[in-house]
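Here the structure comes first, spelled out in structure tokens, and everything after it is commentary.
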Amino acid sequence: MAEASIGEVRATDEYLHQVDKWSAHNYHPLPIVLSRGDGVWVWDVEGKQYLDCLSAYSALNQGHCHPRILAALKEQADRCTVTSRAFHNDQMGPFLEELCELVGYEKALPMNTGAEAVETAIKAVRKWGYQVKGVPEGAAEIVVCSDNFHGRTTTIVGFSSDDQYRDGFGPFTPGFVTVPYGDIDAFEAALNDNTVGFLVEPIQGEGGVLIPPDGYLSAAAELCRANRVALMADEIQTGLGRTGKMLACEWEGVRPDVVILGKALGGGVYPVSAMCSDDEIMQVFTPGDHGSTFGGNPLGAAVARAALDVIVEEDLANRAAELGEWFIDELQAISSPHVAEVRGRGMMVGVEIKETSGTARPFCEALMERGILAKETHGQVVRFAPPLVITREILEDVLPDIRAVLLGEGVAT
Ligand SMILES: *Cc1c(COP(=O)(O)O)cnc(C)c1O
């Protein structure tokens, strides 16, 4: 069998067949094989250049192969990569301090993937409910929202409202109550003495870039405070500058009790996630309660430190705010018979395709033909979420192509 060496180039079809043959079929990617990335750009194995408007679901806020983040990766890779938490390492402490100072919490617990950080938050808040709030053992309830996306573990898919995410994977973890997203009265009605947490995305990314009504998060925070319920914000996709603030909750002046971060925390290079909270919640963990072999490893911690530095020093949140506002205006100005709505905040933008015009998929395929990579979400929505290092000039360059596609040019129906 031929050994594929790095640098060897094969035709796109060969790679597609290989993945079809050897991979589980748990994704439906666009038929494009990428081999290089730089900033907002990626290149496929045939040398064709594309603008990345997905950013690996916002894992790439800092852009592909950011030199500063890669330098941190390489330097740390030569020194020490994994210690496990059986020993200390000289990167985790500085990382956690810098993260906590940046987002304003007393403690952080490092994990790897987003789903793990969500699981960590669920465990912490349940235990806080029993130990601090005094909920009877086994009775803790966490309120979640319809159309949520919090990851793919069995506990998390158990409270998904997407049938496909759940189908065939039960039985599921009890203790979750679902309310409609954006409906504050439904949230209030779901609260009882055993409610310990409210797990919510400030904007639902996978749900289709769904923005709740103004005042929803602040009202929810108020109800949480009054009822001693921990507000748990899943900022894995919305956080770290994406929506034009460091955390999307800042748009409503809300400081959640728990903030869950991932994706861009790893600078588009390495999986790093974390749960942040104050001591009152984090102190429930004692040695042996929770852990991860790779969580807090020095390689990931060094990468995350550089990833945070880039977000701050390149002012990515403000860039997202300014460029996003302009970009959303430009998209809204395209009056297309195929578009039901353009919505977004910062550089998290969704264009909802009318059901009468089919799904968003052929629009994404037509964009790909024009060198723009976007991915449909929830059937009807084309998401535009480029790396935050993008410039207005680049967006101006691609707007005519986006406009043509949204007007239906080259869209297979
Ligand atoms: C991507 C995502 C997750 C899951 O993160 P993984 O790293 O894929 O486990 C959880 N919540 C939100 C809001 C996400 O966008």
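Keep in mind that the numbers below use all heavy atoms, side chains included, and drop hydrogens, waters and symmetry copies. Each ligand, and each atom within it, is numbered from 1 in the order the structure gives.
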> Is the cationic atom of Arg152 (NZ for Lys, CZ for Arg) positioned less than 6.0 Å from the six-membered ring centroid of Phe169 and within 45 degrees of its normal?
Replying inline: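 Output no; distance or angle outside limits.
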
Ignoring angles and geometry beyond distance, decide whether [X] reaches within less than 3.5 Å of ligand 1 through its nitrogen or oxygen atoms.
X: Phe149; result: yes
X: Gly151; result: no
X: Glu206; result: no
X: Gly114; result: yes

>> Could you check whether Glu352 pairs with Arg343 (Lys NZ or Arg NE/NH1/NH2 to Asp/Glu carboxylate O, under 4.0 Å)?
In response: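 The answer is yes: the pair qualifies as a salt bridge.
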
> Is it true that Tyr57 lies under 4.0 Å from ligand 1, counting heavy atoms only?
Replying inline: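 Contact absent.
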
Under 4.0 Å from a heavy atom of [X]: give me the atoms of ligand 1 that qualify, with their elements.
X: Asp234; answer: 10 (C), 11 (N), 12 (C), 13 (C)
X: His150; answer: 10 (C), 11 (N)
X: Thr113; answer: 7 (O), 9 (O)
X: Ala115; answer: 4 (C), 5 (O), 6 (P), 9 (O)

Counting only heavy atoms not in [X], do more than 12 sit closer than 6.0 Å to its [atom1] atom?
X: Phe294; atom1: CZ; value: no
X: Glu75; atom1: CD; value: no
X: Glu97; atom1: CD; value: no

> Just going by heavy-atom distances, which of Lys263, Gln237, Glu235 is nearest to atom 1 (C) of ligand 1?
Replying inline: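 That would be Lys263.
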
> Are there protein heavy-atom neighbours of atom 8 (O) of ligand 1 below 4.0 Å?
Replying inline: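 Given the 4.0 Å limit, the answer for atom 8 (O) of ligand 1 is no, no protein heavy atom qualifies.
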
> Under 3.5 Å, is there a donor-acceptor pair between the side chain of Asp183 and the main chain of Asp185?
Replying inline: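 Between the backbone of Asp185 and the side chain of Asp183 there is a qualifying donor-acceptor contact (under 3.5 Å).
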
> Going through the checks in order, is the side-chain contact (heavy atoms from CB on, under 4.5 Å) test met by Cys65 and Trp41?
Replying inline: CA-CA 10 Å; Cys65 297; Trp41 304 106; over 6 Å; no

>> Does the plane of the ring in His150 sit parallel, tilted or perpendicular to the ring in Phe159? Use 30° and 60° as the thresholds.
In response: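 Tilted, since the angle between the ring planes falls between 30° and 60°.
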
